[in-house]
Every structure is written in C-alpha cells, then in structure tokens.
Protein chains: 2
Amino acid sequence: MATRLSDVAARAGVSVKTVSNVINDYPHITARTRAKVEAAIAELDYTPNVSARSLRKGRSDFIALAVPEMASPYFAELGAAISRAAKKRGITVLIDQTEGEAAAEKLVLDGMRGQLIDGIIFSPITTAPARITSADTAKPLVLLGERHPGGTFDHVAVDSVQASFDATMHLVSIGRRRIAAIGVGGGAGTGSVRRKGYRKALKAAGLALDPALEVGGPGYHREDGAASMRELLALPEPPDAVFCFNDLMAIGALRALTDAGLSAPKDVAVIGFDDIEDGRYHSPSLTTISADKEWLAENAVALLLDRIAGTGEADRRDLTVPYTLTIRESTGG
Amino acid sequence: MATRLSDVAARAGVSVKTVSNVINDYPHITARTRAKVEAAIAELDYTPNVSARSLRKGRSDFIALAVPEMASPYFAELGAAISRAAKKRGITVLIDQTEGEAAAEKLVLDGMRGQLIDGIIFSPITTAPARITSADTAKPLVLLGERHPGGTFDHVAVDSVQASFDATMHLVSIGRRRIAAIGVGGGAGTGSVRRKGYRKALKAAGLALDPALEVGGPGYHREDGAASMRELLALPEPPDAVFCFNDLMAIGALRALTDAGLSAPKDVAVIGFDDIEDGRYHSPSLTTISADKEWLAENAVALLLDRIAGTGEADRRDLTVPYTLTIRESTGG
DNA sequence: CTGAAAGCGCTTACAG
DNA sequence: CTGAAAGCGCTTACAG
C-alpha cells in the first residue's frame, strides 16, 4: 500500500526515472534493467498511484459514460459493451446515472468529477443535443443518440429515420393497414425523429396519417408502453399493428395485449427498437430494429480517445451505426 | 479549467486555507467570509481537482462495485440502487465488470485501480467467498451474495436457504409433487446453498429427492434455463413444477415451455429468484423471491463507509436482506 | 542511458 | 480566524 515508486527504485538499484520509464514503456531501456525493475515491482507488489499520476500528467485514463439509467436494459447492455471496449485500451469507464435530470446532465457537461475524467460519452435525455455546444464543456465529448443538425460534437447514432421507416414498412409488408406509433413524445428528440420515419413510411405506402394513432411519451418504460397500448385498444377503431420506439415499451405493449385477451401478431402486430436481450425470450418473441451495440461501443470509445489524444480530425464526426431488422414472432416471423 | 484554489483565494481576498475551509465545511468561518468565497467560486466556476485532493488526503470518495456482468438485469438494478445510495452520501461508484474471470476478481481483491478507490463492494462468482481473507486486500471490502461461514469480511445477503425453502414450499402448497430445481451447479456457492433450501422443503413435505430433477449450472442466463427446462421435459417423468435459482433462468424456462407447446402454471409451475423488473411483464408473469434491493444497497454502502471511516464495529458483520415471496401467474397466482 | 529537482493542486500541521 | 510552507506520489524537463 505504502509502496512508492522510490521504493521500487531503491530495491532495483536504479533511479525513479528509470522505474517510471519501465512502467510507461519508454524506449532506451536495456532488457536487463527492465527485468530488474519488473522483478522489484513484483516483489514489492507495487501499483502506481493513479491520483498522483493523474495530477501530474493531467490525464487519468478514466472516461465517463453518462446515461439516463443504467438499470434500463438498453443502457445496461450498452454500458457493458463500452466498458469492454475501453478496457481493451487500458481505459476505465465511470458510469454516471443522470436519471434524466437536467441538473445532473448539466453537471456532466460542466466536466464533472473534478477534472478526473479525460472525456465523456453522453446519452442525453433532457438536454436537447442541439443546445449542447462546446462552450458548455471543457472535456472532449461524444454524443450518443439522435443526431441533430447544427450540433458541435462528435456523434455516434443509428439513422433513426431510416430505421423507423424500415420498421414501419415491415408492418405494411405483412399486410397491416392501421399502424400506430408508441413513443412519439419521447425525450431528447427520439420521439420526433422516429415519428418522421414512421410517417414517411405511411406516406410511401399510401396510408393516411391518423393523429389518434400517435401516442406515448415522454416515459419510455414498460409501463408506458402498456398504458399506450391500452389507450390504443380503447379507440373506436384500434390499430392492427404498432411500432414501439423502443423494446421496453414494446414489451409493455405485448403485456397489455395479453391482458386484454388479445395476441400478437394475430390481433395486433408489434415491433420494437433496440434489440434488448429480453425481447428474444418473450412470448411472442419481439421483432425489432437491431443496432450493432458492439460497433457503437467500439467507435464511440475510439472517437473519444482520438479527441483526448488530440489526433482526431478537425471536423466534427458523425458515425452511423449499422442496424438490421430482426423479424421474430410478434410480427409473425 | 485551470482555475485553482489559489485563484479563488486571490479573487476573494483570503488565504487558500480559508477557501479550503469553506469547501470542506470546516467551522470558524464567518458568514461574511463564506459568502465572499462562495461568490468567488461561482464567478470563476471553480471545481476542486479530485486527483490532488485524493493524493493529499488519501481518500477519494470513490468506491468500486465489482459484479460479474453489469448487463445482467439483477446486477444492473443492483448497480443502479448502489449508485443512488452512494450518491446520497457524496460517494461515486465505479462499476467493474469481472465477467466472472478469476484474474479480474483477483485484481479486485488486490485493491485495483491504483489506490484511487476507498473500498469495494464485491459480488464474487469465481472466487469462493470462503477463500477470500483480509490478507488479500488492502481496502475495506463488503461481500454480496451467499454467506459463508468462516469468511472474514462484512457480508450482506439474503438468507438463501430459507428463501429457497419458502419458494419450494409454495410449489408444494399449490399441489405440486414432482418439483425440479434449475441451477444447482451455480457459481460461488449459490447453487449449493439454494439446493439446500430446496431439499429441506421436499423433505418437510414428505417428497422424495430425485437426482434427475436437479439440473443446471454453472451458467445462470436465460439460455441456460431454457436448456435445463428442455432437459427436464425430455425426462420419462417430467416435473410438474420448477424452482429456478434466478429469474433469468426462469424466463428461459418459460420460453422453453412455450416452445414445447406447454404452459405455466398448467403443465409446469415456475418460480424464480431475484424479482427482476422484466419478470412482471412476461406472459405468464413470474412468481419469484423478491429481495429488497434498496435495502441491500443502502446497507452495503453504509457498512462500507463505516469501515472506511474506521467507525465500523470491530467484528465482522452479517446483514440479512429482507425478502418476500411474490406470487404471480407462473404459479397460478 | 541515469540522477536531482521542480511542480501538478490540493490539505494540514504550525505559527501567528 | 489567517498565512506561509511542507508534502501526498508521480512525471518530466534539465544536466550529465
């Protein structure tokens, strides 16, 4: 515990500079010296003090991931993927739950954690991405989620309009004509972007828009999906298909359907968005838009580290996450 | 960013000591001085450098939570609760995914993270809790999960034997006579402890033990539960009820049942353990053992902080998490 | 290649 | 109450 660099140096019979060189993998060290130092490190069970290193270097090799809630399956899976991607590069991820609170998101932007972290991967809910400018933060930042024109930050996101178009067209392709959307009032622009793709598809299919079929939001949880589905079923003319803007709401919608004595896809076909693990196990299993979370994690981390190292391109970068439409039982796959 | 304590002091016209006193809420500061300092802090948008503070004080107000995988719903929900509990006390939680790897768990015990963290809440999978001794770690540590006699650390856990007894007796109480257990080979002792409660209940109910009905492990995921259920259904004499040692396996088991054209609770009643959010939304909804995660989180954090502050009791403490049996559709509730 | 020394930004005895 | 100074454990010019 109290082992210091100088202890290692004394033990190995070299200067602290040499030990530091070995630890940081600098050149110009003979194999013999290196071996001697490494032996001393092992004998003393030495680990560098990251506070001291970070204070001196101005770099900690910590990055933060700020998400609305880590218990939400999508964010939990994403967090796990980002942690793994960072670990491969020697970086530790600190997960910050904003709980969608504006104050907590503001803290993130202010470069929270007292300058400990080197940069932030941020999935905003309350703060509109378009309103985030570089003036708000002192640290490199990569935004996740819907892309907004005019933003000033690097961005990694699915093409939500296109994906929503595809999801809706899938419902059209299986013969549905009265297609609802759940989650249109969702936070941080998700609802409006996905609705755009939904409406585009209806138009392309020659179907009329019906405001009564656009429901839900701002909540994006299971109970919100269930409530929205109940609302739709109470309509004089209920839908024969529903596009839920995330899987969590779709799972709630499936449950509401069951509770009403109906089933998917027979009475109402249901499609979600995110491809969370649990969707595969529900009965019926959930058709969904499956964005590549590993790809997203790898690229978000790489982009942020480029910025931190100062090796990123000068321009803002926008990366588009690949996705596929995964057809399962809830739409009759 | 480059604002330092001394800048604030200069701005406020006081010494750095006084600014430090204000920030750390020390006594003997006039309201006037405090106001002056706080104004300077606000004007300069100053945030203390945690690396410097941590280096000097030997305390960072960071704790680590080491879990097998943060994407697993139980650990995600637990992590969220622990983060919240810690935040209330001004503590930041760093989540570490060990992925059940012995090497990663070893790192945790070695007091990973270069002395940044003040203590660890550890949910081991690979390392047998009984084998963890204080000699292995330099930091205060609180263990989660099954309690083992002879351990040397503070512990917070459900009484798994009793809870498993209750779960099994519930199946008996609804008239089931051929009751299987899934997950008996589970890691870190969970499987054997829960099997103990299961067997005790069968005995109390006057039912014979059948080794063919004790399956599963070491995997505790949805697919493992599904595979175990298929195995049980292939038996010459399949069970009429199954106690799954966690909800994730129970969800897989439900799915396997559906795939076989059977249903719960009619053909096979199913009960889980953990009460993860998703279990409420499956069809049928899942009967389960519901441990109080908020209670667990609050107490684990409080216990750890007591140790860190040196105010904990001298003896090792064992806290038992309250739980309830939550009856839902999968056992005919 | 190595050594001696400064300094990152705090906190904390120590004097006043 | 305040000020001047040391020191936490590193890294990094600077001389050799």
Side-chain angles (χ1 to χ4, degrees), chain A residues 1-38 40-41 44-62 90 111-118 138-139 309, chain B residues 1-38 40-41 44-62 90 111 113-118 138 309:
Chain A
M1 212 56 242
T3 312
R4 298 186 316 280
L5 197 58
S6 55
D7 300 327
V8 175
R11 176 84 166 219
V14 301
S15 73
V16 294
K17 176 72 168 86
T18 303
V19 179
S20 181
N21 285 345
V22 170
I23 290 172
N24 293 291
D25 252 344
Y26 289 149
H28 308 309
I29 299 160
T30 59
R32 210 170 154 286
T33 306
R34 173 179 301 277
K36 220 164 45 179
V37 170
E38 281 169 351
I41 289 175
L44 297 174
D45 199 18
Y46 168 74
T47 44
N49 182 309
V50 304
S51 295
R53 168 181 287 174
S54 159
L55 175 59
R56 183 59 235 248
K57 295 187 74 168
R59 246 198 91 164
S60 63
D61 290 338
F62 277 68
M112 43 35 132
R113 298 208 191 286
Q115 307 147 57
L116 177 71
I117 58 156
D118 297 335
K139 302 279 183 179
Chain B
M1 218 54 246
T3 313
R4 298 186 318 278
L5 197 59
S6 56
D7 300 327
V8 175
R11 177 84 167 219
V14 300
S15 74
V16 293
K17 177 73 169 86
T18 303
V19 178
S20 182
N21 285 344
V22 168
I23 290 173
N24 293 292
D25 252 345
Y26 290 150
H28 308 311
I29 299 159
T30 61
R32 211 170 154 285
T33 305
R34 175 181 299 278
K36 219 161 49 178
V37 170
E38 280 169 350
I41 289 174
L44 296 175
D45 199 19
Y46 169 74
T47 45
N49 182 309
V50 304
S51 295
R53 167 179 289 176
S54 159
L55 175 58
R56 184 58 235 250
K57 295 187 75 168
R59 245 198 91 163
S60 63
D61 290 336
F62 277 69
R113 298 208 191 289
Q115 308 146 54
L116 176 71
I117 57 157
D118 297 333

Contact class for B:Lys17 (heavy atom, under 4.0 Å): base, sugar-phosphate, or nothing? base
Can you tabulate the close N/O pairs, meaning under 3.5 Å, that link protein atoms to atoms of nucleotides 5-7 of chain D?
| from | atom 1 | to | atom 2 | distance (Å) |
| --- | --- | --- | --- | --- |
| D:dG7 | N2 | B:Arg56 | NH1 | 3.3 |

When you compare the side chain of B:Val22 with that of B:Val14, does any pair of heavy atoms fall below 4.5 Å? no
Examine D:dT11: is either OP1 or OP2 under 4.0 Å from a nitrogen or oxygen in the side chain of A:Asn24? Give yes or no. yes
So do the side chains of A:Val37 and A:Arg34 get within less than 4.5 Å of each other, counting heavy atoms only? no
Spacing of OG belonging to A:Ser54 relative to CG belonging to B:Asn49, to within rounding of 0.5 Å: 6.5 Å
Taken to the nearest whole Å, CZ/A:Arg32 to P/C:dT2 is 11 Å
Can you tell me how far C1' of C:dC14 sits from CG of B:Asn21, to the nearest Å? 14 Å
Quick check for you: among D:dT11, C:dT11, D:dT2, whose closest atom lies nearest to any side-chain atom of B:Thr33? D:dT2
Distance, rounded to the nearest Å, where B:Asn49 contributes CG and D:dC10 contributes C1': 13 Å
Closest heavy-atom contact between A:Phe62 and B:Leu116? CZ-CD2, 3.5 Å
Starting at atom CG of A:Leu5, determine the distance to atom P of C:dC8, rounded to an integer number of angstrom. 19 Å
Distance in angstrom units between A:Leu44 CG and D:dG9 C1', rounded: 15 Å
Tell me every residue that passes side-chain contact (heavy atoms from CB on, under 4.5 Å) with B:Asp118, counting only those two or more places apart in sequence or in another chain. B:Arg59, B:Ser60, B:Asp61, B:Ile308
B:Asn24 and B:Arg53, any side-chain heavy atoms less than 4.5 Å apart: yes
Separation between the P atoms of C:dC8 and C:dA4, rounded to whole Å: 22 Å
Separation of B:Leu55 atom CG from C:dC8 atom P, in whole Å? 13 Å
Answer yes or no: does a side-chain N or O of B:Ser15 lie under 4.0 Å from OP1 or OP2 of D:dT2? no
Might you point out which heavy atoms bring B:Ala12 and B:Lys36 nearest each other, and give the distance in Å? O-CE, 3.5 Å
Please find the pair of heavy atoms, one from A:Ala9 and one from A:Val19, that lie closest to each other, and give the distance. CA-CG2, 3.6 Å
Rounded to the nearest Å, what distance is computed from the CZ atom of residue B:Arg59 to the P atom of nucleotide C:dC10? 18 Å
Rounded to the nearest 0.5 Å, what's the gap from CG on B:Leu5 to CD1 on B:Ile23? Could you check? 5.0 Å
A:Ser20 vs D:dC10: side-chain N/O to OP1/OP2 distance below 4.0 Å: no
A:Lys57 atom NZ is separated from D:dG9 atom P, nearest whole Å, by 19 Å
Base-paired stems that DNA chain C participates in, counting runs of 3 or more Watson-Crick or G-U pairs under 3.5 Å: C:1-3 with D:14-16, C:5-12 with D:5-12, C:14-16 with D:1-3
